Amino acid sequence: MSPNQHHTVDNLSIDEQVALIQRGTSEIISDAELRRKLETAQEEKRPLRVKLGLDPTAPDIHLGIAVVLRKLRLFQDLGHEVTIIIGDFTATIGDPSGKSKTRPQLTAEEVQANAKTYQDQYCQILDPDKTRIVFNSQWLNQMNFSDVIKLSAQTTVARILERDDFANRFAANTPIGIHEILYPICQGYDSVVLKSDIEMGGTDQKFNNLMGRDLQRADGQDPQVVLLMPLLVGLDGTDKMSKSLGNYVGIYEPANEMFAKLMSIPDELMETYFELTTDVPMDEVAQLQRDLVDGSVHPKTIKQRLAREVVTIYHGETVATSAQAEFDRIHRHRQLPSEIPSVSISNEDLTDGKIWVGHLLTQAGFAKSTSEARRLVQQGGVRFDGEKVVDPATLIQLQDDLILQVGKRRFAQIKIG
RNA sequence: GGGGAGAUAGCGAAGUGGCUAAACGCAUCAGACUGUAAAUCUGACACCUCAGGUUUCGGCGGUUCGAAUCCGUCUCUCCCCA
């Protein structure tokens, strides 16, 4: 469904390439090494190996993860190769953050079943021809205890305890499992196996990525450049974007949905979103930010531009434009959406063609219980055929195609049958 | 191995015999205001055709006119010492 946007990057100088890569990054370790890698690659005419490690849980890509994936895509457009490592092995040894103890333990079958999904989802943003997806159990499962000891000997307890998560827990006398200490070592070893030139990650991955450098150095390799992207703040403006918090925009969401969600972000987030989720050139972003601050352009106009840019990436420009029109229709002009999901109401629920509003709302899925439905009516949130329903005891004369509205954004078209 | 603390609505957290469908905060939903912003304000937030009624405070059983609160038991969490 996606036009799979390309960067136009032919014949860029190293300086120009570096500038594109630097956009939005939170940290690069180090700029000098990055430049050197790029130069060497160009001279030797060989692509750099760029690595990203991901969880084996079923992917559901949202704009937050897309920040990193889009950066990978840039590397591909610059002629380099991307390897995505699915951490199926590391997932089985426990989450070192200590937070999510409930991380699901996936079976090998589930992981395999997900494999196709990874391919499909990641390639929405990445170039399939330059993307390799591998599972780290492939080499980690082969290691025997002696291999593990030798690998562990490459680093020290003091080094591991530098990680602030471990440091905090150690100071607070909370337990740190030996297996957790091994986690960064496993992840770092992935880099050794892949001989990666660059590892990408969110800022929370810094320690693990640096471990990769240490282990590569110990193995006699040129250490990978570490490129960290900030964690995108979610729609609520406070927490990082994540599916579990519900403050996300999935890249597979319908255009209208996407557009509306983006319009709901706090104004302060716009600049960051432009930088991290669109390809709008940075000098233009800076200009938009000036316009916003001095009030010369209405914030809503700027936000619509943002929403349109993002939707264009995943749905194309035509669709994005109509998403904006749709948004205006519903929210600015308070008209009905152009497409309203239909809800069928069984004839059995009708008496003389009528239905109690409480049942109608629960049947239509707008309320979990008739008590909730009753409240919605009492609060003035329910409209039927444009008319506000005021009495919770109301019996409604149903007809095909009439419109039920709950709140400002939930609509359904009634079908009797 | 020894000792201690706890389990309350989506989450966090009050409440230690009746005035408690259960304070307060967060999240959520509706309304107002707007740029569907955000912020703010108002209200709702167990279930039931609801001026009333029914069922809740980890499970089960008991004491009592009356239990989230007391007793017994089971399950599960967490902490400290070694």
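Everything numeric in this text was worked out from a predicted model, so none of it was measured. Lettering follows sequence order; numbering is per chain, from 1.
Nearest-nucleotide mapping onto RNA chain B: of His331(A) and Thr362(A), the residue sitting toward the 5' end is His331(A). Nearest-nucleotide positions on RNA chain B place His298(A) closer to the 5' end than the other of His298(A) and Ala393(A).
G10(B) and U28(B) have their C1' atoms separated by 8 Å, given to the nearest Å. Atom name P, nucleotides C65(B) and U73(B): the rounded distance is 24 Å, in whole Å. Comparing the same atom, P, in A46(B) and in A39(B) gives a spacing of 24 Å after rounding to whole Å. For the C1' atom pair drawn from A23(B) and G61(B), the interatomic distance equals 31 Å after rounding to whole Å. Nucleotides U77(B) and A30(B) have their P atoms positioned 38 Å apart, rounded to a whole Å. Comparing G58(B) with A13(B), their P atoms sit 14 Å apart, to the nearest whole Å. Going from the P atom of G66(B) to that of C19(B) covers 14 Å, rounded to whole Å. Atom C1' of U36(B) sits at a distance of 34 Å from the matching atom of C48(B), rounded to the whole Å.
If you take OH of Tyr273(A) and C1' of A38(B), they are 13 Å apart, rounded to a whole angstrom. What separates CG of Asp391(A) from C1' of C50(B) is a distance of 11 Å, to the nearest Å. Rounded to an integer number of Å, the gap from Lys368(A) NZ to A44(B) C1' is 13 Å. Per the geometry, CZ belonging to Arg374(A) stands 17 Å off C1' belonging to G43(B), to the nearest Å. To the nearest angstrom, C1' of A38(B) lies 15 Å from CG of Leu262(A). Atom pair Asp267(A):CG and G35(B):P shows a separation of 12 Å (rounding to whole Å applied). Rounded to an integer number of Å, the gap from NZ of Lys261(A) to C1' of A38(B) is 18 Å. Rounded to an integer number of Å, the gap from CG of Leu292(A) to P of A38(B) is 16 Å.
On a pure distance criterion of 3.5 Å, a polar donor-acceptor pair joins the side chain of Gln379(A) and the base of G43(B).
Searching all strands for a Watson-Crick or G-U wobble partner of U63(B) with both distances below 3.5 Å returns nothing. Pairing for U40(B) is with A32(B), a Watson-Crick or G-U wobble pair whose two hydrogen-bonding atom distances lie under 3.5 Å. Nucleotide G1(B) is matched to C81(B) when pairs are restricted to Watson-Crick or G-U wobble geometry with both distances under 3.5 angstrom. C45(B) makes up no base pair with any nucleotide shown, lacking Watson-Crick or G-U wobble contacts both under 3.5 Å. With both pairing distances under 3.5 Å, C26(B) is matched to G10(B) as a Watson-Crick or G-U wobble pair. The partner of U16(B), taking Watson-Crick or G-U wobble pairs whose two distances both stay under 3.5 Å, does not exist in any strand shown.
Across every non-hydrogen atom of Gln363(A) and Val343(A), the tightest pair is O-CG1, 4.3 Å. Closest approach of Ser26(A) and Thr203(A) over heavy atoms only: OG-CG2, 3.0 Å.
With Tyr248(A) as the aromatic partner, Lys240(A) does not meet the cation-pi criteria of under 6.0 angstrom to the ring centre and within 45 degrees of the ring axis.
Applying the 4.0 Å criterion to OP1 and OP2 of U36(B), one finds that Lys303(A) has every side-chain N and O outside that range. For Ser371(A) and C48(B), the shortest distance from a side-chain N or O to OP1 or OP2 is below 4.0 Å.
In this structure, Arg410(A) reaches the sugar-phosphate backbone alone: every heavy-atom distance under 4.0 Å involves primed, P, OP1 or OP2 atoms, never a base. If you check every strand for non-hydrogen atoms under 4.0 Å, Gly407(A) touches sugar and phosphate atoms only. Residue-level contact check: Thr370(A) touches the bases, meaning some heavy atom is under 4.0 Å from a base atom.
For the pair Asp267(A) and Lys303(A), the salt-bridge criterion is met [side-chain N within less than 4.0 Å of a carboxylate O]. With respect to Glu387(A) and Arg383(A), no salt bridge is recorded, no charged nitrogen being found less than 4.0 Å from a carboxylate O. Between Arg329(A) and Glu326(A) there is a salt bridge, with a side-chain nitrogen of the basic residue lying less than 4.0 Å from a carboxylate oxygen of the acidic one.
The listed nucleotides are G35(B), U36(B), C48(B); the one nearest the side chain of Ser369(A) is C48(B). Of the candidates C47(B), A32(B), A30(B), the closest approach to any side-chain atom of Lys408(A) belongs to A32(B). For Arg375(A), counting side-chain heavy atoms from C-beta on, the closest listed nucleotide (G35(B), A38(B), C45(B)) is C45(B). Among the nucleotides G35(B), U49(B), A30(B), the one closest to the side chain of Pro299(A) is G35(B). Checking A30(B), A38(B), G35(B) against every side-chain atom of Pro266(A), the shortest atom distance belongs to A38(B).
U49(B) has Trp356(A) stacked on its base ring, the centres lying under 5.5 angstrom apart and the planes within 30 degrees of parallel.
Legend: residues meeting side-chain contact (heavy atoms from CB on, under 4.5 Å) with Leu361(A), ordered by chain and number and at least two apart, are Val357(A), Phe366(A), Ala367(A), Ala373(A), Val377(A), Val382(A), Leu404(A), Val406(A).
Around CG of Asp352(A), the count of heavy atoms belonging to other residues, nucleotides or ligands within 6.0 Å does not exceed 12.
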